[in-house]
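The structure appears right after this line, and notes come after that.
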Protein chains: 4
Amino acid sequence: MSKVIKGGTVCTADRTWKADVLIEGEVIKQIGEDLKGDEYIDAEGAYVIPGGIDPHTHLEMPFMGTTAAETFESGTWAAAAGGTTMLVDFCLPGEDGSIKNAINEWHRKSAPQICADIGYHMAITGWNETIFAEMEDAVKMGVNSFKHFMAYKGALMVEDDEMFASFQRCKELGALPMVHAENGDVVDLLQKEMLAKGITGPEAHAYSRPPEVEGEAANRAIMIADAVGTPLYIVHVSCEQAHEAIRRARQKGMRIYGEPLIQFLTLDESEYFKGDWMHSARRVMSPPFRGKEHQASLWAGLQSGSLQVVATDHAAFTSEQKLMGKDNFCLIPNGSNGLEERLAVLWTEGVETGRLTPNEFVAATSTNVAKILNIYPKKGAIVEGADADIVVWDPKISKTISAANHHSVLDYNVFEGFNVTAQARYTLSRGDVIWAWGQNSQPQPGRGRFVPRPPFASATKALSKWKELNSPRQIARDPMNIPAGI
Amino acid sequence: MSKVIKGGTVCTADRTWKADVLIEGEVIKQIGEDLKGDEYIDAEGAYVIPGGIDPHTHLEMPFMGTTAAETFESGTWAAAAGGTTMLVDFCLPGEDGSIKNAINEWHRKSAPQICADIGYHMAITGWNETIFAEMEDAVKMGVNSFKHFMAYKGALMVEDDEMFASFQRCKELGALPMVHAENGDVVDLLQKEMLAKGITGPEAHAYSRPPEVEGEAANRAIMIADAVGTPLYIVHVSCEQAHEAIRRARQKGMRIYGEPLIQFLTLDESEYFKGDWMHSARRVMSPPFRGKEHQASLWAGLQSGSLQVVATDHAAFTSEQKLMGKDNFCLIPNGSNGLEERLAVLWTEGVETGRLTPNEFVAATSTNVAKILNIYPKKGAIVEGADADIVVWDPKISKTISAANHHSVLDYNVFEGFNVTAQARYTLSRGDVIWAWGQNSQPQPGRGRFVPRPPFASATKALSKWKELNSPRQIARDPMNIPAGI
Amino acid sequence: MSKVIKGGTVCTADRTWKADVLIEGEVIKQIGEDLKGDEYIDAEGAYVIPGGIDPHTHLEMPFMGTTAAETFESGTWAAAAGGTTMLVDFCLPGEDGSIKNAINEWHRKSAPQICADIGYHMAITGWNETIFAEMEDAVKMGVNSFKHFMAYKGALMVEDDEMFASFQRCKELGALPMVHAENGDVVDLLQKEMLAKGITGPEAHAYSRPPEVEGEAANRAIMIADAVGTPLYIVHVSCEQAHEAIRRARQKGMRIYGEPLIQFLTLDESEYFKGDWMHSARRVMSPPFRGKEHQASLWAGLQSGSLQVVATDHAAFTSEQKLMGKDNFCLIPNGSNGLEERLAVLWTEGVETGRLTPNEFVAATSTNVAKILNIYPKKGAIVEGADADIVVWDPKISKTISAANHHSVLDYNVFEGFNVTAQARYTLSRGDVIWAWGQNSQPQPGRGRFVPRPPFASATKALSKWKELNSPRQIARDPMNIPAGI
Amino acid sequence: MSKVIKGGTVCTADRTWKADVLIEGEVIKQIGEDLKGDEYIDAEGAYVIPGGIDPHTHLEMPFMGTTAAETFESGTWAAAAGGTTMLVDFCLPGEDGSIKNAINEWHRKSAPQICADIGYHMAITGWNETIFAEMEDAVKMGVNSFKHFMAYKGALMVEDDEMFASFQRCKELGALPMVHAENGDVVDLLQKEMLAKGITGPEAHAYSRPPEVEGEAANRAIMIADAVGTPLYIVHVSCEQAHEAIRRARQKGMRIYGEPLIQFLTLDESEYFKGDWMHSARRVMSPPFRGKEHQASLWAGLQSGSLQVVATDHAAFTSEQKLMGKDNFCLIPNGSNGLEERLAVLWTEGVETGRLTPNEFVAATSTNVAKILNIYPKKGAIVEGADADIVVWDPKISKTISAANHHSVLDYNVFEGFNVTAQARYTLSRGDVIWAWGQNSQPQPGRGRFVPRPPFASATKALSKWKELNSPRQIARDPMNIPAGI
Ligand SMILES: [Zn+2]
Ligand SMILES: [Zn+2]
Ligand SMILES: [Zn+2]
Ligand SMILES: [Zn+2]
Ligand SMILES: [Zn+2]
Ligand SMILES: [Zn+2]
Ligand SMILES: [Zn+2]
Ligand SMILES: [Zn+2]
């Protein structure tokens, strides 16, 4: 059974043109004019774009003594409603520390629930021979990226020598190291300072994680990646300081990727200074929202290419969960929502303002993710042979974002009240329409699949070649010129 | 009659994969496995890439009292031999100052000679109502970019107010302004200083055009483009100073493009300090070659995306022509060669060293040019429907560059002695094989065509939207608060 | 008759210590403990600092069809009341264009009026042999600095080649070139654009002189100074863009000085967006006040040394004069006040906040000016032998700035309502107490003197040596290697 | 008994003028013309400058299994011969970890030996309550600066949380934290990598400590200092990367000081790539010498003020000691010489080339050190009341530096063969002539004194004020808006 997406304007990362898209089974068969098929999907007046890929989510994540409320089902469902057809979730090792077991556990949790496709990044939260060995297993299991937390001291945090070792292992395996960049030692001490001063509310969350602390960690991780000779991906870039470190590295030719969040592009730290504790607590995430001047930096990064992708770090904790930190901001579960809102907010604040071209919007929400994560053009593309993960993106549907109508399990929404001017008219996952605007679509848990990602992306290979050619060489010394010793 | 490029690895700006390419007539019909056609072109062991596009040439250009020796025939032929299937030449107004007449004159010269496709940039060398009006004619004639010389005082140079006016006109027309960035006043005075000191040889060419002088002009043009609200393309970026100005602008979200030359990436200023006058004179071009530290900056620009395309500024003057400046470096015709060498040198120094991925190589030599000049994906792409401007790029053919075997009319080659490790096995222009390595191919003058380019590229539109939304707004003042006057 | 400043804390650019200061005649005779003299000046509880030097004023300046209302008498008197004992005024050539005549005319106007000492900077507003010759006369007459306007097109503005020539002449004479950095061409066109859009109020003044336009000009002047090989002083630095250009130059070792104004450090562009036309018009000056983010940049410049001095550009036009631009912002006479307020506002906003040390305050208001202008330690110092230009600075006198109690002739004050926390208890000019707080002091016109300034400051000499050692050298070519010609 | 330094040109950090200097006892009594005294010291044709202060030495330091060969006697004697009248040595805790005991031990070693004055910086090599408490003792004992090693893992290195705690303690005490900035974890791993590759010679020392590793640590220490709210002094800045971090911080208004070494300004990494093992081993120090491009950065830092002082890190190990690392570069004792050469080399390469003015030379070698270390103007100044630590600096004495004629105990000299063009004609320490050129001066061990340094320098106080005013404030929340809990 074939389908034709009819009458739309195909918009990819590199061009925009009128064309129909013919789908056979799960893949795109043809792109062209006047295509025929068994069924038709109306794209008149709309853009036909690659389904969004969110490179950064935490569904059902056990964290800070609780578990993120968004399930694999509700999360992938909210994603679909928002035009996102794939997400990459962070897999954390369990008590046994095993990477393989953790991936299998993630499969166990996600497989029956997911409505659309997923992948995993694997967290490296320590260093030993088992981890070294199991990283290869992870790559074989289709996980080609490894996340390192430079914050969360006493919990997930790794030290510089551990990062170095793990990055080196990534390089050997052709995998991509990632970092959560905040100096965990300093955050820890600033948190204690806040508590000692009696500042226990959510504003202290912002005070204890200033932008310099993020910039420092980004800079440090970049140096380690460069010393090792591997590309590096920095998650949730929130501020000019981290962005500056990335730019500075890139202008030396280093292969560094930066991921701002849709929250950071549009929300600011004043959210933490509201009189309503719960309003502020709901916005507590790490790094925190920043001053407005940082937003300009992040937008410019997307425009100039120094930042490549827009993610959400979707880690949804309910108001009740947030209450855990009522007396101590350090205990507020860190995380906020965005999976459903990412595309619409970026379109409204990015494309409709002229900051981004529609093609750049596609690149940031989908194509660049796929390229960096080395699944392009299976995902992130509208080309023949690609998975038919496609969104009919309607720039005429306006909506006010609200917890009242969103698809997350959350009882609030950090974008509450935002007016967005575009929505997914249809969302297709591997050829299936999984979301149709205004047509009472229902989640189809279990139809989503895990997407294995191969190692050795092109930038990784190129950088390894360069480093090999420029590696230290021994100086040839005449034995006569080497002293005989004491 | 259909052709299939068989057995190769298609390499585009965004991916690399094994596929055949089926050509029907002038365009690509299909890309896929096991394609059939009337004829086969062997791509086994080779890459199949979009034909190179050189965005910057001066064929038969009247300049400095002589005319560039490279003809449209020899130039496009050398290009084809080097894997370049399109070039964009700079059209200069004649004595009557008319833009329309100049374009027609360029057509008259080029049409019977060109072996592959061409486009034009139009030079704006002054400002008046006729120029204002004829810019619209130029756009209608398919010329969507206008070049401004900030140097060559007394000849081509324009002043800041003229640039501002012309940039504003470009914005209205959706055309792209370009600049040759050197401060003409300062170059002029430094030239006089050199002559006054008795330094009359080619080394004085370098001394009189230091990097700061280029950086300043780039910075100035960027400010004017920003004040107007238009993207800007800076040709022949040779140094860190100009690159820094571009980076600084881009990191504010400005839409600035920078074009290093293959010469600047691989040759340095020591060429001007040789004892052999003619060796140095042959390398005289503006801006001049720079110190080696600038090369690192330019390469990193290609890696990070702050510089987008690699050009040649091919303006070929024979040794005899160079002699015009025997007693005065100011009279040495400015220009050097590269049309044939660009791809092979960039591959060897870029891809083989690991600085660039093969995809980035394609982007810099072809795709990004086509996008910026708004003819993508007709040119610069391997997608169905695109012009079959394709190169079978063989990474196993080694060659030593030499005037003895090049296809330019020049009696020398600035890359003489360079060993390159890849060559075009076949070059196809709109489906015709116009070059086949080792098969005694001959030029086919007149088969090339002029490629009109439409205005209003996506970045131009987005920027206009942004500037409109952020334009100055009048302050509403109560008449009571406006004084009645003296 | 000797005087002792008794019981104070001497605070200079390099240290702070308890000491008395003995004055004999016009100069400082001794600094130490328990000094004796014929008279005593009470400095108990106060700092004893070098008198302020304002490097940038326009008293009785003929400009924009009128004449600045502040006279040499009222200006130097207001200065004295504010703790400033010397100012350097800009001398403009008259209709005959003669530099010598202009200096003599300035002497004629100032001599009978001035209450404290003055110097002049000479404006270079064109270029010809007379100017070239008379610059030497100016230096002999004690004027060692020459100002160049890059804005005010059609009036004071000079072109790049003129700047180059004048800077070169400065270098020969050991004089210091200065620039008003704004791109006059672009300002002119943006002004016309505003008028064409019907935006005629003071807000258009800000819109037509955006920070990028200032940054560009600063950058250009720096390049020209570097090409010539001379230090450069950039007046009224208002924004990050100009500051960035200065920093970038300095970090290459260039000798560039930047002068923020006290207005720019503390007032912002919102002043132009008020509903009250006259309020905004009174703040019209060039460059205009900027967004608050620029203030942080300027303060950091003072802290780090990338900006050296704080001036006022005091050019006072009455409300009635401001009315000239009622229907057209371009006709509002440009200028604002600050001569009296500079020290108190900088102390309050700088020292009391911890941004600056008291020593840095002295450096920025006095010592650095004297060093750069090459009159240190005659002025700007508390050392034996120096002119006794001394202020007893009382950090306990609070005051609200107001036109109601200031000493300027202006009918308003741009700092109206500012609470300052320090004032001059006594101001001494060459040993005379010319101002005593709360003691009904009266101006003593005619007692001030012109202070000639010698050329060849130490940085100028050092830079000339460096440039000479690194100047272009001719390549020695064997005649055999130089072709015989065509 | 009084002395007059007669006929010289006094040159200080802020001016240059002809004057005699009258000394009574240990201090300067008067500066002026035609002074009389009991004795005369001929300064005709010479500059009279404040004695050099070297802020960074390691005399008799126990390190890497041996002890630096330069003794307090030979070190201070070599210093005196080179025009340096004070040095600040690094005091390391002994086995008991006690700060007080270490200072007393340093006194015990130094007191009988020193020919000129000294001070100490105290090293913080761990963190506990005793250290916390004894830091106050150190300050009371006159040690107001504390050094932290970010390298030498397993030995001296401290972690980020320890640095944070110690910096905070410094802030409370008004002391100045200092860092040796190299990422110890990464150095350690790169060293192992080199050894694993079989690269065991001194070239591996450079390879294992690349500039990025230093820049990273500098950046990290700066962030921690900023989070704490204290100034920071970064010792032995060798490269653009560390300098960039310092500049970036300073341009945000942070109070960061950077100390290049005379070695880094004039020697480069090619020293490690010589065929002669011992030549290279003698130059092994950390950080290592860098590529020549870094020298330009450091010089520009001195010119622009982003770097303030020039030191030596004098840590002298004999050739025999260097042999400890014959088979393993990690075992080569780290250190090189410069105490005697610092002034002459800086004058020759700095002042004689025009890079620095004579005043800037004085600032970098003496005055800025004294200011930053808070002993100005007792040291580092030529003013009445200051210690008579004075050098008669003769710019006409040329000399070739050589181990054959130097005053160090070393059997080699890293500046061997350098031609310098100035020397100390006389060196006075608190009024005593301790060195006279060509007059067979002899060391006078025991006459030197320890110089206690008070805490709370002006920049420290100002910064504390700023941070206090801008410290986090609790948000006032209506109890109604704070939830009651789970
Ligand atoms: Zn995170
Ligand atoms: Zn996360
Ligand atoms: Zn050009
Ligand atoms: Zn050209
Ligand atoms: Zn001005
Ligand atoms: Zn002015
Ligand atoms: Zn060290
Ligand atoms: Zn040391």
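Computed from a predicted model, the values in this text were never measured in an experiment. Proteins come first, then strands; the chains are lettered A, B, ... in the order of their sequence lines, and each starts at number 1.
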Practice prompt. Spell out the residues in residues 369-381 of chain B that have some non-hydrogen atom less than 4.5 Å away from a non-hydrogen atom of chain A, in order of number; otherwise answer 'none'.
Written response: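 The list, in residue order, reads Lys371(B), Tyr376(B), Pro377(B).
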
Worksheet entry | Per-residue contacts, residues 250-259 of chain B versus chain A, heavy atoms under 4.5 Å |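 When heavy atoms of chain A are the reference, residues 250-259 of chain B contributes Arg250(B), Gln251(B), Lys252(B), Gly253(B), Arg255(B) within the under-4.5 Å range.
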
Worksheet item: What residue in His243(B), Lys461(B), Glu352(B) has the most heavy-atom pairs under 4.5 Å with chain A?
Response: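 So the answer, after comparing His243(B), Lys461(B), Glu352(B), is Glu352(B).
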
Discussion item. Please rank Trp17(B), Trp466(B), Trp299(B) by heavy-atom pairs under 4.5 Å with chain A and give me the top one.
Written reply: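 Ranked by contacts with chain A, first place is Trp466(B).
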
Worksheet item: Glu349(B): what forms a side chain to side chain donor-acceptor pair (under 3.5 Å) with it, not counting sequence neighbours?
Response: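 Residues passing side chain to side chain donor-acceptor pair (under 3.5 Å) with Glu349(B): none at all.
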
Segment of [X] engaging chain B (4.5 angstrom heavy-atom cut-off):
X         : value
Arg355(A) : both
Ser306(A) : neither
Asp14(A)  : both

Do [X] and [Y] come within less than 4.5 Å of each other through their side chains, counting heavy atoms only?
X         : Y         : result
Leu302(A) : Glu360(A) : no
Asp268(B) : Gln295(B) : yes
Phe418(A) : Thr348(A) : no
Ile246(B) : Val237(B) : yes

Item to complete: Taking atom types as modelled, find out whether His294(A) and Ser238(A) have a side-chain donor-acceptor pair closer than 3.5 angstrom.
Response: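 No, no side-chain donor-acceptor pair sits under 3.5 Å.
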
Worksheet item: Between the side chains of Thr16(A) and Asn359(A), does any donor sit under 3.5 Å from an acceptor?
Response: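 Side-chain D/A pair, Thr16(A) to Asn359(A): present.
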
Discussion item. If I compare all heavy atoms of Ile382(B) with all of Ile49(B), which pair ends up nearest, and what's the gap?
Written reply: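 Scanning both residues, the minimum pair turns out to be CD1-C, 3.5 Å.
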
Discussion item. Please enumerate all residues that pass side-chain contact (heavy atoms from CB on, under 4.5 Å) together with Ala218(A), with sequence neighbours excluded.
Written reply: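 Ala218(A) satisfies side-chain contact (heavy atoms from CB on, under 4.5 Å) with Ala181(A), Ile234(A), Ala242(A), Ala245(A) once adjacent residues are dropped.
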
Item to complete: Nearest 0.5 Å please: distance from the NZ atom of Lys465(B) over to the OG1 atom of Thr357(A).
Response: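 Output value for this atom pair is 10.0 Å.
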
Discussion item. Closer than 4.0 angstrom, basic N to acidic O: yes or no for Arg290(B) and Glu214(B)?
Written reply: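 Answer for the salt bridge query: yes.
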
Practice prompt. Answer with side chain, backbone, both or neither: which region of Leu469(B) has an atom nearer than 4.5 Å to a non-hydrogen atom of chain A?
Written response: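 The side chain, not the backbone.
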
Worksheet item: Parallel, tilted or perpendicular: which fits the ring planes of Tyr47(A) and Trp347(A), with parallel below 30° and perpendicular above 60°?
Response: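 Plane angle between 30° and 60°, so tilted.
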
